[in-house]
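Contents: one structure, followed by commentary.
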Amino acid sequence: MIPSVLPTYNRAPLSFVKGEGSWMIEADGRRFLDLGAGIAVNALGHANPVLVKALTEQAEKIWHVSNLYQIPQQQELADRLVENSFADTVFFTNSGTEACELAVKMARKYWHDKDQPEKVEIIGFEGAFHGRSSAGIAAAGGEKLTRGFGPLLPGFLHLPWGDLEALAAAIGDRTAAVIVEPIQGEGGIRAMADADLRALSEICRDRGVLLILDEVQCGVGRTGKLFAHEWAGISPDIMMVAKGIGGGFPLGAVLASEEAASGMVAGSHGSTYGGNPLGCAVGNAVIGVVSAPEFLAEVNRKAGLMRQKLEGLVAAYPQVFEEVRGSGLMLGLKCRAANGDVVAAGYGQEIATVPAADNVVRLLPPLTITDDEITQAVTRLGNAAAQLAAEQG
Ligand code: PLP
């Protein structure tokens, strides 16, 4: 008999009933160190007092009003994002995949309104993940995401990860945009080198196609800049954001330049919940904390510490781990053992991590993780690795 919850997830037999900072407390009382943060969502940890205050204060005033009306919290969050990024304008969604829907629509509408309606094709890269909506799976293109869900939304092309020669060759008269994650998350913490991202951005500019960055997982302070592409010194035309921006409240956004957004006018897009007062009150609190230079400096310092300790871990357990990948606090352990076994052994040591493609274990702690918690995390991962190494003999 089908379970009452549609069985689309492989769930661990763990049930967390409370969260405190970097910790999740299981129903049986065990305290797990959370190195997944809801897959890069709980950017400020669990039950952060700043976010609890923002949420509860807003909850006592007004939760939801329609986008038929002015929403000051939404205006404030849009202003903050514009002030702190390349963007001139912002649309709010509830998730990353909805941000993908709009990014695709915006790019196509741009060319439509420029009297070049033949430009509909969007070029992406293998290993990508842009969400589970019809545009999201078509944009990513992977067999695991798309099999059985055809006919897929047409107009997407996929190139080998980071292959800029292939990109230059693939851009043609029908190309509307290129979509890329600066660091692939689900794809296995595969970062595009800054120089490559710059070259990719130049190709887009020179060939007159829009650049859509998917910063749903790598954005909002995760790499030690507010947005990951800032390391490369580039500006996209359109950017998708979600996850960390709500700190656990379902919130996403599309940021765009005035030019790229020029086709979007009243009636061309909408969302019932997107940008409602409750979500934006939390989003404002998150961005208020994360955009502070001192906060980002701390993320960078802690990222350096964590990376150094993880390099030691890889050196100590070469039969289990191959290398450390990623940037900032978006890190991955490329494994020699099966990544699922590493995650499971971690549960035994009361540490939560997240598997990704390419046999990688993702480490995406709250950005507020302390030095002591980083030390504890690496110790627990070491204990898990020792156990796996012993089992391997
Ligand atoms: N884009 C990227 C890079 C992601 O990592 C994700 C989610 O993991 C998404 C899009 C989809 O976001 P959501 O699950 O909120 O729809």
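Model, not experiment: these values are computed from the prediction. These numbers come from the heavy atoms of this one structure, side chains and all, not from hydrogens, waters or symmetry mates. If you read the sequence from its start, that first residue is 1, and numbering goes on from there.
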Under-4.0 Å salt bridge between Arg31 and Glu26: no
Among Ile203, Leu197, Ile238, Leu200, the one residue meeting side chain to side chain contact (heavy atoms under 4.5 Å, CB included) with Leu211: Leu200
In terms of heavy-atom contacts, Leu364 and Ala37 come closest through O-CB, 3.2 Å
Can a donor-acceptor pair be found between the side chains of Trp23 and Glu373 at a distance below 3.5 Å? yes
Does Lys144 pair with Glu186 as a salt bridge, N-O distance under 4.0 Å? no
Should the heavy atoms of other residues, nucleotides or ligands under 6.0 Å from CZ of Arg198 be counted, would the total exceed 12? yes
Does a sphere of radius 6.0 Å around CG in Asp206 hold more than 12 heavy atoms from other residues, nucleotides or ligands, not counting ones at 6.0 Å or beyond? yes
Value for CZ (Arg132) from OG1 (Thr146), rounded to nearest 0.5 Å, stands at 10.5 Å
Neighbour count >12 (heavy atoms, 6.0 Å) for atom CG, Asp173: no
Taking every non-hydrogen atom, the tightest pair across Gly172 and Lys119: O-NZ, 4.3 Å
More than 12 heavy atoms of other residues, nucleotides or ligands under 6.0 Å from CD of Glu258: yes or no? no
If hydrophobic clusters are built from ILVMFWY residues whose side chains come within less than 4.5 Å, do Val220 and Ile234 share one? yes
State, to 0.1 Å, how close Ile171 and Arg207 come at their nearest heavy-atom pair, and which atoms those are. O-NH2, 3.0 Å
Gln75/Asp79 under side-chain hydrogen bond (donor to acceptor under 3.5 Å, both in side chains): CA gap, chis, key distance, verdict: CA-CA 6 Å; Gln75 183 64 53; Asp79 289 346; 3.0 Å; yes
Candidate list Gln184, Arg325, Arg190, test side-chain hydrogen bond (donor to acceptor under 3.5 Å, both in side chains), partner Asp358, passing option: Arg325
Think Arg108 forms a cation-pi with Phe156, using NZ or CZ under 6.0 Å from the six-ring centre and within 45 degrees of its axis? yes
Does the side chain of Arg380 come under 3.5 Å of the side chain of Gln349 through a donor N or O and an acceptor N or O? no
